[in-house]
There are 2 protein chains.
Amino acid sequence: MDGLSIGQVAERTGLSVHALRFYEREGLLADAVRRESNGRRVYTEDDVDWLNMCIKFRSSGMPLDTIRKYTELVRKGAGNEADRLALLKSHQDYVRAQIEELNECLNVITWKVDIYQQHVDAGTADCLWVAPSTQTASEAS
Amino acid sequence: MDGLSIGQVAERTGLSVHALRFYEREGLLADAVRRESNGRRVYTEDDVDWLNMCIKFRSSGMPLDTIRKYTELVRKGAGNEADRLALLKSHQDYVRAQIEELNECLNVITWKVDIYQQHVDAGTADCLWVAPSTQTASEAS
DNA sequence: GTAGGAGCTAGACCGCGCTCTAGGTCAAGT
DNA sequence: ACTTGACCTAGAGCGCGGTCTAGCTCCTAC
């Protein structure tokens, strides 16, 4: 019962089987994947946990290259925890910066949405405010 | 004094001159850029405002293709404000979703950082918790 | 008059992160 | 026997968002 096929792992993680093989080739797996006698991959639950971690890294913008570096540290075993910590902290900062940036963008977008909403609601959509020269602050089209 | 060269716009927006020409080719500029008699581009402050808006769109993950669609709506002039509003709202949702996702990632990363921090602080970095089989919840390396 | 620097166009190229293809093995079902 | 389907490897291809090159025209300063 223990031991998952690549298809099962794909289903569980949301990664494609292609992506799973690709990640393995790229050295993103902490433990070498076991194989059945016929060469098929056998994944453990730990592999799935690790992949889910990688997915969190990826979807927060960590490049594959950095994930690989982290993976290598882990593979080397105990003794480099400070390095891992540094890498993680640096990514943490990066994610925070991203969130901040996105919030700024969201403010601008929301400001624009509100303006459009007002005009659409008021049925004044066809007024002159669209033309740059008549605007007060900026090209707000 | 009014009228900016491509280099000045690059400096002001942070985009490269290459990127500015590329954006223009891709149809991301609301107004056609004026040219001097010798063919050089002359940008207005409104162009810069528009570009800064595009930059906000881009850095919040809007694809160039969508920016182009928005630009086309604006170029068509008054009458399609509801369409523009829909596009903006949809992007607004997308940005909110991104922020949420990043916050989730940040939680996971922070959890990991804290664990490492504790162990590094305690000087117990070399203990067994690194090995998957000894862990309680997941492969937390 | 000539060297530098900024600009122009058209189009090739690049890095990233997958994704897909070709050509094959293997095991189970009918 | 044969089809189906999941898996394998090696390697090509792709979409996106730029970036860079080649070869040119200007203008300015020396």
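All chains are named by letter (A, B, ...) in the order of the sequence lines, taking the proteins before the strands, and each is independently numbered beginning at 1. Just so it is clear, the values below take in all heavy atoms, side chains as well, and ignore hydrogens, waters and symmetry mates.
- Sorted by first and then second residue, the salt bridge (Lys or Arg N to Asp or Glu O under 4.0 Å) pairs with a member in residues 50-62 of chain B read E104(A)-K56(B); sequence neighbours excluded.
- Residues satisfying the side chain to side chain contact (heavy atoms under 4.5 Å, CB included) criterion with N107(B), sequence neighbours excluded, are absent altogether.
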Between protein and nucleotides 19-24 of chain D, what N or O pairs are separated by less than 3.5 Å?
from, atom 1, to, atom 2, distance (Å)
dT19(D), OP2, S16(B), OG, 3.4

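- V9(A) pairs in a side chain to side chain contact (heavy atoms under 4.5 Å, CB included) with only one of the listed residues (T44(A), V33(A), L20(A)), which is L20(A).
- Under the ring pair (Phe, Tyr, Trp, His ring centres under 6.0 Å) criterion, F57(B) pairs with Y70(B), not counting sequence neighbours.
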Requested in this report: Please step through side-chain contact (heavy atoms from CB on, under 4.5 Å) for the pair S5(B) and R40(B), ending with a clear verdict.
Outcome: CA-CA 8 Å; S5(B) 73; R40(B) 296 187 174 199; over 6 Å; no
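- Within the 4.0 Å cut-off from OP1 or OP2 of dT9(D), at least one side-chain nitrogen or oxygen of R41(A) is found.
- Closest heavy-atom contact between T71(B) and L28(B): OG1-O, 3.6 Å.
- Under the 4.5 Å side-chain contact rule for hydrophobic residues, Y94(A) and M62(A) do not share a cluster.
- If you measure from atom CG of D65(B) to atom P of dC14(D), you get 19 Å, rounded to the nearest angstrom.
- Using a 4.0 Å cutoff to heavy atoms of chain B, the contacted part of DNA chain C runs 5' to 3' from dA6(C) to dG11(C).
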Pairwise N/O distances under 3.5 Å, protein to nucleotides 2-6 of chain D:
from, atom 1, to, atom 2, distance (Å)
dA6(D), N3, R40(A), NH2, 2.7

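- More than 12 heavy atoms of other shown residues, nucleotides or ligands fall within 6.0 angstrom of atom CD in Q8(B).
- Two different hydrophobic clusters hold V42(B) and L29(B) under the rule that ILVMFWY side chains link at heavy-atom gaps under 4.5 Å.
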**Report entry** K89(A) and D93(A): CA distance, side-chain angles, deciding distance, salt bridge (Lys or Arg N to Asp or Glu O under 4.0 Å) verdict
**Finding:** CA-CA 6 Å; K89(A) 272 188 172 172; D93(A) 288 348; over 6 Å; no
